[in-house]
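In this text, all values refer to a predicted model and were calculated from it rather than measured experimentally. Every heavy atom of this structure was used, including side-chain atoms; hydrogens, water molecules and symmetry mates were not. Order of listing sets the numbers, starting from 1, for every ligand and every atom in it.
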Amino acid sequence: MLKSENNEQNELHKKACLVRNKNATNSVYFRGLIEFSNICQNNCYYCGIRKSNTKVKRYELTVDQILMCVDSCYRNRITSIVLQSGERTDKEFTDFIFKIINEIKTKFPDIFITLSVGELPREIYEELFRLGVQRYLLRIETSDEQHYYKLHPDTMSFKNRLRCLNDLKEIGYQVGTGVMINSPFQKIENLADDILFFRDIDIDMCGMGPFIPHSETRFANYNYNREQSLNLGLNMISALRITMPDINIAATTALETISNCGRKLGLMAGANVIMPQFSPFSTRKEYFLYNDKPVGTEDDTDLINSLKQVCKESGMIPGFEDPGSSLHFQRRRHGKIH
Ligand code: SF4
């Protein structure tokens with residue numbers, strides 16, 4: 001599946017859409033993405049905002065700024081948000097997250113929150129769940145331990161990342177992970193193994209994107225092939241959809257970066273989630289994990305129209321006001337759909 005091209009590839013994508021429509025949904029679920037801080041304690045070799053990149057202007061939104069972003073999502077009938085930041089484990093940061101969640105849950109009690117703030121102790125995950133966070137995204141980036149250490153320094157721990165994914169699932173979160181596609185040192189067999197990894201740890205959500213080099217990293221001159229990365233990215237979505245029919249799969253920003261219509265192609269390959277940008281326009285350029293990341297539009301009307309258009313072009317229904325829980329999660333936890 002991953003190597004399919006031309007007609008064979010078209011058939012694969014069509015099949016994946018049939019599987020999605022039958023087992024999950026024909027709606028596109030929207031997640032308002034709020035990148036609230038680009039401060040990170042880690043040094044992932046591929047990442048533009050890693051700690052040692054001194055050229056980045058660091059920022060952290062205030063609670064009020066974050067609430068304004070959430071309000072903007074809400075006014076545009078997007079009832080599910082993703083709060084994302086660099087990784088930090090210090091108490092000041094975890095207290096700040098508790099405060100953000102408390103404030104959001106007080107002012108917008110029915111909004112669904114996905115957190116994507118990295119590896120934390122189990123007790124912190126438990127407290128965040130108690131405060132009302134329902135979903136957690138923690139990308140593993142590669143499921144092969146040796147490959148992981150070619151992309152990350154040995155101050156980071158593959159085993160701890162697995163521990164976190166396991167804790168999150170045991171606590172009761174809807175759990176998402178994902179990998180970079182066509183990353184340095186990766187073989188196609190790694191990607192096939194990644195899909196089996198997702199199946200074996202029984203994820204509820206997935207966000208995978210093609211690797212795109214950042215100029216201030218050791219992979220700045222990595223010679224990657226856009227078309228190959230795009231095709232592999234789309235085939236990964238289809239192969240995962242066929243393997244795990246009822247999970248939520250995102251058509252990611254990275255896909256949109258390597259192709260103008262990347263999100264539409266992602267939906268047409270079997271994805272069902274889009275994460276439009278709701279961070280303040282002024283900070284979006286400071287969250288460049290990779291080069292050329294699109295900053296989106298500042299105008300809400302343009303944004304909503306573009307979301308409707310991408311749904312229409314991909315033959316799907318815009319899921320405004322639908323928090324879009326993973327059906328896989330509901331079946332896993334309750335044995336039926338609620
Ligand atoms: S990928 Fe995430 S954890 Fe790694 S350096 Fe970038 S922001 Fe930090």
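Evaluation of the ring pair (Phe, Tyr, Trp, His ring centres under 6.0 Å) rule for Y45 yields no partner, not counting sequence neighbours. In terms of the ring pair (Phe, Tyr, Trp, His ring centres under 6.0 Å) criterion, F112 has no residue partners (sequence neighbours excluded).
Atom CG of N248 is separated from atom CG of N272 by 4.5 Å, given to the nearest 0.5 angstrom. Taken from CG in L151 to CE in M156, the straight-line distance is 10.0 Å, to the nearest 0.5 Å.
Atom CG of D95 is surrounded by more than 12 heavy atoms from other residues, nucleotides or ligands within 6.0 Å.
Checking atom 2 (Fe) of ligand 1 against the protein gives no heavy-atom contact under 4.0 Å.
Under the side-chain hydrogen bond (donor to acceptor under 3.5 Å, both in side chains) criterion, the residue pairs touching residues 311-324 are Q309-E313, with sequence neighbours excluded.
Excluding water, every protein N/O/S atom under 2.8 Å from atom 6 (Fe) of ligand 1 is given here by residue and atom: C47 SG.
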